[in-house]
Amino acid sequence: MADEKNVGAAAADAANPQEAVVRVEGLQKSFGTNVVLRGINLTVMPGQVVTIIGASGSGKSTLLRCINLLETPDAGHVWFHGKDLAAEHVDINALREKIGMVFQSFNLFNNMNVLDNCTLAPVTLKKMTKEQAEKVALANLDSVGLADFAGADVNTLSGGQKQRVAIARALCMKPDLMLFDEPTSALDPEISGEVLEVMRRLASQGMTMVVVTHEMAFARSVSDEVVFMDKGVIAEKGSPEKIFTNPEKPRTREFLARYL
Amino acid sequence: MSDAPSIPVTTRRARFAAWLRRDHRYVLLGTSAVALAGMWFSSQPRPALSFLAHAFTVEVVMYYVLVAWLALSAVALVFKLMHWTTYGQVAPFVKPGTRRALRLGSYVIWALAIVLFVDRAVMGFASAWAAAAASSGMPQDDMLTQILYMFQQGYATYLQGILTTIELAVFGTAIAFVLAMLLVFVRIQRIDRPDNDFVRFWKKVGVGFAKVYSTVVRGTPMLVQGVIIYYAGFGLFSGSGMSVSEINAVWSRFIAGLVVISLNSTAYMMEVLRGGIESVDKGQMEAARSLGLSQWQAMVKVVFPQGIRYAIPGLSNELVINIKDSSVLSVIGVFDLAFAASTIAGIYYKQLNAYLVIAVFYLIMTATASWLLGKLAKRLDAKTEPVLGVSNQMKAGGEK
């Protein structure tokens, strides 16, 4: 944890807390008697790509879902641009507009076509007129290589196409932060590639991203920081080189050994 | 949940027909049953309007043709029993010419049986109808004539009953649908983080009200609800100083019945809608919320349009149920079909006859309603995309 970049980030944080996109402090969450998160601290700086890895049940998805409050934390804070999302009565809807999320099971709206999936939120939340929203949607669909599918029914798409539409849909809200919850876990390795390629390009364009994934090669090549979670705590975090080549904790080594 | 049943049903039927046709013995076997039925009709007494009564010889010939066919079938059967394994080679029946003759013969048998059916059953009904129409008092002969006599005499009463029942069921279901849509939105409210205390309080009150309403309405018989609502309403109006005739003008038995059936059906329809909404994948709501949509926006734009599709079969079933269940409203004197039956039964002291008539009417109404709703549901499904394959029609529609 004594990684230089991290220290620098923390220092910058202390000096100017507004600077971080997301700052998670002492986050705790349990479902009934099952304690899932036991005090998480995490800072994501603008333009940073943070990858969360770990075994199933280690709490990575719950952490991600707490960041846009799909799960309500039991204790702790989630600062997004200096506003505490976990505070009672916060206008979470307005804050979520700036946080895009991509789900493992795509969750495209089944009652709409591809274009309507993308324009629903911008038009409903009155950020754009229908025409503007369609223009933005087509541009985003084009960037994921699916402009030709704008009129298609979402149920006719392949898994990889669905996930790329889901990414385009999130981008239509012009988010400051993108959350990816195991975006390729429901896809076969061949098709994961097309989704990872889109994410890679998004990262290179400077999007701030938090990615929960089992794709170690992706985590290694794209992340600025890799977080290894184990049993509800952050067991180790650092640069991809450090985590993948020289992890400090035996548990990290044990986990990564299965992927190498 | 495969779309298999839709195609193989026709092929299975075609295969069954081909299997029947391949072997003439099944032709003989099947048509001997038809011939027996024809003979039975022939043995029945001739009704007044029988046309074969004027052609006695023709009927005798017809009868003996049927007998001959039975004899032929019996010969074939005996032949089969004697030549169990070699039948296909030795039987004279398997020759192509004989087979064709047997096929033509089977058509003749059908025709004869149908003629006999018309002469005895259809003309029998017509005769009873004519006898009932000609009778000046309750006919004493057979039950059918009595039933038809009661029907003819009480025609206007039955008709009014039918119209009232249809009005109650259709308007009641329509009103209940609107109310159920409103109530289900109250029922599915969840406390959301941006809500202030005022909103939270009213959401809790709303959910509680919807739950209690559903439990009370579904937990008590509609008959009891009818009596309570009608007399409570009557009491309220008379408490306000209105005279009985004034009350009857606003709070008529029909209006009260309509209120009862609407309020009753609302509870059931709300539960059907809630079931539909809850069977929509949770991820749909989460995805909508993650984009910044409020709970209400996500519900209206994403979840509800999908949920109502699951609810369509249950909702249409409510209409059929209301056609039947409106009959209990006759207890508060609503002039529906059941009330008509009890009125007519009271005049002639013939309960069974009067209720047999309305059984047929109820059956016709419910069957028609099911058929129409089935067509409507198919149409609604076909327009929409497959939602996890709730029905076969839906899937077939999506694949086109």
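Values reported hereafter were calculated over all heavy atoms of this structure, with side chains retained and with hydrogens, waters and symmetry mates removed.
For Asn111(A), the parts sitting under 4.5 Å from any heavy atom of chain B are the backbone and the side chain alike. Heavy atoms closer than 4.5 Å to chain B are found in both the backbone and the side chain of Thr124(A). Heavy atoms closer than 4.5 Å to chain B are found in the backbone of Ile99(A), but not in its side chain. Contact of Ile67(A) with chain B is not made at all, since no heavy-atom distance falls under 4.5 Å. At a 4.5 Å heavy-atom cutoff, Ala166(A) makes no contact with chain B through either its backbone or its side chain.
Around CZ of Phe31(A), the count of heavy atoms belonging to other residues, nucleotides or ligands within 6.0 Å exceeds 12.
The two atoms that bring Phe103(A) and Ala287(B) nearest to each other are CE1-CA, 3.6 Å, heavy atoms only. Taking both residues in full, the closest heavy atoms of Asn93(A) and Leu293(B) are given as OD1-O, 3.7 Å, listed atom of the first, atom of the second, then distance.
Put simply, CG on Asn68(A) and CG on Leu291(B) are 10.0 Å apart, with the number rounded to the nearest 0.5 Å. From Ser290(B), atom OG reaches atom CD1 of Ile92(A) across 11.0 Å, with rounding to the nearest 0.5 Å. Going from atom CG of Asn110(A) over to atom CD of Gln306(B) covers 4.5 Å, rounded to the nearest 0.5 Å. To the nearest 0.5 Å, atoms CD (Glu286(B)) and CE (Met101(A)) are separated by 7.5 Å. The CZ atom of Arg289(B) sits 14.5 Å away from the CG atom of Asn107(A) when rounded to the nearest 0.5 Å.
Of residues 295-304 of chain B, those residues with a non-hydrogen atom less than 4.5 Å from any non-hydrogen atom of chain A are, in numerical order, Gln297(B), Lys301(B), Val302(B). Within residues 169-185 of chain A, the residues approaching chain B closer than 4.5 Å by heavy atoms are, in numerical order, Arg169(A), Ala170(A), Met173(A).
Checking side-chain atoms of Gln284(B) against main-chain N and O of Leu108(A) turns up a donor-acceptor pair under 3.5 Å.
Chain B forms the most heavy-atom pairs under 4.5 Å with one residue out of Leu120(A), Val102(A), Asp91(A), Leu95(A), and that residue is Leu120(A).
Checked against side-chain contact (heavy atoms from CB on, under 4.5 Å), Asp74(A) has the following partners two or more places apart in sequence or in another chain: Lys29(A), Ser30(A).
A salt bridge links Arg200(B) with Glu88(A): the closest approach of a Lys/Arg side-chain nitrogen to an acidic carboxylate oxygen falls below 4.0 angstrom.
For residues 109-120 of chain A, the salt bridge (charged side-chain N to carboxylate O under 4.0 Å, His left out) pairs, not counting sequence neighbours, are Asp116(A)-Lys130(A).
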